[in-house]
Amino acid sequence: MPYASIADLRHNVGQTVAVRGWAMTTRSSGKIAFLVLRDGTGYLQAVFPKNEVVDGAWDRFATVTHEANVLVTGRVREDARAPGGYELTASDVTVVAPSVDYPITPKEHGTAFLFEHRHLWLRSRRQVAIAKVRNEVEHAIADFFYDRGFVRVDTPILTGSIGEEAGELFATEYFDLGSAYLAQTGQLYVEAAAAALGKVYCFGPTFRAEKSKTRRHLTEFWMCEPEVAFADSEDNMRLQEDFVSNLVARVLDRRKEELTELERDTAPLERVTAPFARISYTDAIAALQAQGSDIQWGTDLGADDETALAKAYDKPLFVMNYPKQVKAFYMKENPDDPRTVLNNDCLAPEGYGEIIGGSQREDDYDRLLARINAQGLDPATYKWYLDLRKYGGFVHSGFGLGLERTVAWICGIPHIREAIAFPRQIHRLYP
RNA sequence: UCCCGAGUAGCUCAGUCGGUAGAGCAGCUGACUGUUAAUCAGCGGGUCGGGGGUUCGAGUCCCUCCUCGGGAGCCA
């Protein structure tokens, strides 16, 4: 008898097949019983009429517990009553491996309990749906860049003290070379690669040791960082809006079922098309002041400020050209207003906040060195980075997209820790 | 680091004025031939986060410590 995957059962209508999976729920009504199982490809209800199953099967059904590994045999049948359209009229069931006292029950759990059992919680319908959306976004990222001639460059996770700021890095001992730090960005490396390959991106885990306790932060998260030679800040934002709208469209096209499972209202996602809305930092300050805020030009925007700004638009918003002093040393000075730099944040709608930070990079050796010194960084550490300006300096721009923030937004889930299989937070290293 | 909030049954929570510890769900037993978190009946289940104090008596009041959650800052 052939084994069948649940997702493929539409090709097996009328046939008798064996399905392997985990028991999610069982129900019995005396002379008819129901078993819903999951095999990773989908969900299936197997129906056991007492007087049609083989000898012993009825008693074996009674031993099927929540999340037991089971083997079910039966005939595939179309059924309008089934959520997926297909059911199995089962003739037999075997418990391959039992599951006793499964901790996650069908009702009411708090988030602390669920994350303590994250390794099991991953099996639930919502978590399966989120994982599939994340997978879709990851593949869409790879396809988007491959189709446009970008080369993926994998940047190091172990680095010297380099990144946007010193401090707030995870440190470890590195042989005889002193401390190594877990990368908090691949950007500087990808800038070097851009001079070799033109259009590049990196996509991997990054680490921030800030003691953040918010629904938007993880200590370990995945970031996608494209870097493009000869692209200025305007080119950079056009790439961002193409990129983000492409990711959203891909999920809408291919993950309808998962979005339905997550009860995601897709109308706001369907409005995510280029061009996005744009506002300069200076205009944003004026707009906030007009709304009664006492924010002053020169201070960074807080989370509340971003929410207030983004609320005025029903698609993602670029906030551009922040004051130099609140931004990283590598961002290029704005020739039209030297108080500011050529950067942008991209704020997702519906209150999801910043999903992208991007900028044109400082390509002038002397200006970059001056910024490194001004921020109290050690120029020796950045020698190789300065070399990129010494040997054929070039206009270039790039950005970083936070994967978990993007997935959380697309899924419509309230906290980004559900957007990654095993979240790392200041109070969570288990499982 | 700062500001809130919460720790009581396996889970989610209630517990009034300080007076013998409660419910729902889960689990177990039974009934039921189309259930979707099935329904109905019955049964078992407690170091009230730890320590100290006040009191005849503390889940409840006071002190202290611990753990966790939410938010701020930082940023993706």
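When reading the values below, keep in mind they use all heavy atoms of this one structure, side chains included, and skip hydrogens, waters and symmetry mates. So you know, we letter chains A, B, ... as the sequences are listed, proteins then strands, and number each from 1. Quick caveat: nothing in here was measured; it's all calculated off a predicted structure.
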Nearest to the side chain of A/Ala303, which nucleotide is it out of B/rA72, B/rA76, B/rC11?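 Nearest nucleotide to the side chain: B/rA72.
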Name the closest nucleotide to the A/Arg417 side chain, picking from B/rG69, B/rC75, B/rA26. B/rG69
In whole Å, what separates the [atom1] atom of [N] from that of [M]?
{"N": "B/rG44", "M": "B/rG53", "atom1": "P", "result": "37 Å"}
{"N": "B/rA9", "M": "B/rU47", "atom1": "C1'", "result": "13 Å"}
{"N": "B/rC3", "M": "B/rC11", "atom1": "C1'", "result": "30 Å"}
{"N": "B/rC25", "M": "B/rA38", "atom1": "C1'", "result": "14 Å"}
{"N": "B/rC48", "M": "B/rA23", "atom1": "C1'", "result": "16 Å"}
{"N": "B/rG15", "M": "B/rG71", "atom1": "P", "result": "25 Å"}
{"N": "B/rG59", "M": "B/rA21", "atom1": "C1'", "result": "9 Å"}
{"N": "B/rC61", "M": "B/rU55", "atom1": "C1'", "result": "10 Å"}

Would you say a side-chain N or O of A/His109 is under 4.0 Å from OP1 or OP2 of B/rU12?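 Answer is no, no contact under 4.0 Å.
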Can you find a donor-acceptor N/O pair under 3.5 angstrom joining the side chain of A/Glu168 to the base of B/rG73? no
N/O donor-acceptor pair, side chain A/Arg27 with base B/rC32, under 3.5 angstrom: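 Side chain to base: no pair present.
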Does [N] have a Watson-Crick or wobble partner in any strand here, with both distances under 3.5 angstrom, and which is it?
{"N": "B/rC2", "result": "B/rG71"}
{"N": "B/rC40", "result": "B/rG30"}
{"N": "B/rC17", "result": "none"}

Is it true that the side chains of A/Tyr330 and A/Glu191 contain a donor and an acceptor less than 3.5 Å apart?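 No, no side-chain donor-acceptor contact under 3.5 Å.
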Between [N] atom [atom2] and [X] atom [atom1], what is the distance in whole Å?
{"X": "A/His66", "N": "B/rC28", "atom1": "NE2", "atom2": "P", "value": "12 Å"}
{"X": "A/Asp305", "N": "B/rG71", "atom1": "CG", "atom2": "P", "value": "17 Å"}
{"X": "A/Ile426", "N": "B/rC2", "atom1": "CD1", "atom2": "P", "value": "13 Å"}
{"X": "A/Asn344", "N": "B/rC75", "atom1": "CG", "atom2": "P", "value": "15 Å"}
{"X": "A/Asn343", "N": "B/rC75", "atom1": "CG", "atom2": "C1'", "value": "13 Å"}
{"X": "A/His427", "N": "B/rG70", "atom1": "NE2", "atom2": "P", "value": "10 Å"}
{"X": "A/Leu429", "N": "B/rC68", "atom1": "CG", "atom2": "P", "value": "12 Å"}
{"X": "A/Asp101", "N": "B/rA9", "atom1": "CG", "atom2": "P", "value": "17 Å"}

Short question: side chain of [X], backbone of [Y] - any donor-acceptor pair under 3.5 Å?
{"X": "A/Arg148", "Y": "A/Phe144", "result": "yes"}
{"X": "A/Arg60", "Y": "A/Thr94", "result": "no"}
{"X": "A/Asp305", "Y": "A/Gly302", "result": "yes"}
{"X": "A/Lys315", "Y": "A/Thr273", "result": "yes"}

Collect all protein-nucleotide pairs involving nucleotides 39-48 of chain B in which both atoms are nitrogen or oxygen and the distance is under 3.5 Å.
none

If you take any heavy atom closer than 4.0 Å to RNA chain B, which residues from [range] end up in contact?
{"range": "residues 209-221 of chain A", "answer": "A/Glu210, A/Lys211, A/Ser212, A/Lys213, A/Thr214, A/Arg215, A/Arg216, A/His217, A/Leu218, A/Phe221"}
{"range": "residues 31-62 of chain A", "answer": "A/Lys31, A/Ile32, A/Phe34, A/Gln45, A/Val47, A/Asn51"}
{"range": "residues 276-293 of chain A", "answer": "none"}

Name the nucleic acid region contacted by [X], choosing base, sugar-phosphate or nothing; use a 4.0 angstrom heavy-atom cut-off, strictly under.
{"X": "A/Gln425", "value": "nothing"}
{"X": "A/Arg77", "value": "base"}
{"X": "A/His415", "value": "sugar-phosphate"}
{"X": "A/Leu401", "value": "nothing"}
{"X": "A/Gly302", "value": "sugar-phosphate"}

Pair A/Tyr189 + A/Trp384: ring centers closer than 6.0 Å: yes
Run the ring-centre check on A/Trp58 versus A/Phe48 and record whether the distance is less than 6.0 Å. no
Test A/Lys332 against every option in A/Leu368, A/Asp232, A/Asp363 by the side chain to side chain contact (heavy atoms under 4.5 Å, CB included) rule and name the one that passes. A/Asp363
Toward the 5' end of RNA chain B, by each residue's nearest nucleotide, A/Pro103 or A/Thr89: A/Pro103
Enter the distance from [X]:[atom1] to [Y]:[atom2] here, rounded to the nearest 0.5 Å.
{"X": "A/Leu347", "Y": "A/Glu306", "atom1": "CG", "atom2": "CD", "result": "5.0 Å"}
{"X": "A/Glu168", "Y": "A/Tyr181", "atom1": "CD", "atom2": "OH", "result": "13.0 Å"}
{"X": "A/His66", "Y": "A/Met24", "atom1": "NE2", "atom2": "CE", "result": "6.0 Å"}

Can you tell me which residue pairs pass the salt bridge (charged side-chain N to carboxylate O under 4.0 Å, His left out) test with a partner in residues 277-299 of chain A, sequence neighbours excluded?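 Non-adjacent pairs meeting salt bridge (charged side-chain N to carboxylate O under 4.0 Å, His left out): A/Glu234-A/Arg278, A/Glu241-A/Arg278.
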For the residue pair A/Arg424 and A/Phe422, would you count it as a cation-pi contact if the rule is NZ or CZ under 6.0 angstrom from the ring centre and within 45 degrees of the ring axis? no
Taking the six-membered ring of A/Tyr43, is the NZ or CZ of A/Arg125 close enough (under 6.0 Å from the centre) and on axis enough (within 45°)? yes
Less than 4.0 angstrom from a charged side-chain N to a carboxylate O is my criterion; do A/Glu227 and A/Arg361 meet it?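 The answer is yes: the pair qualifies as a salt bridge.
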Using the side-chain hydrogen bond (donor to acceptor under 3.5 Å, both in side chains) rule, pick out the option among A/Arg417, A/Arg134, A/Arg216 that qualifies with A/Glu404. A/Arg134
Residue pairs fulfilling side chain to side chain donor-acceptor pair (under 3.5 Å) with at least one residue in residues 243-252 of chain A, sequence neighbours excluded: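 Sorted result for residues 243-252 of chain A: A/Glu136-A/Arg250, A/Asp143-A/Arg250.
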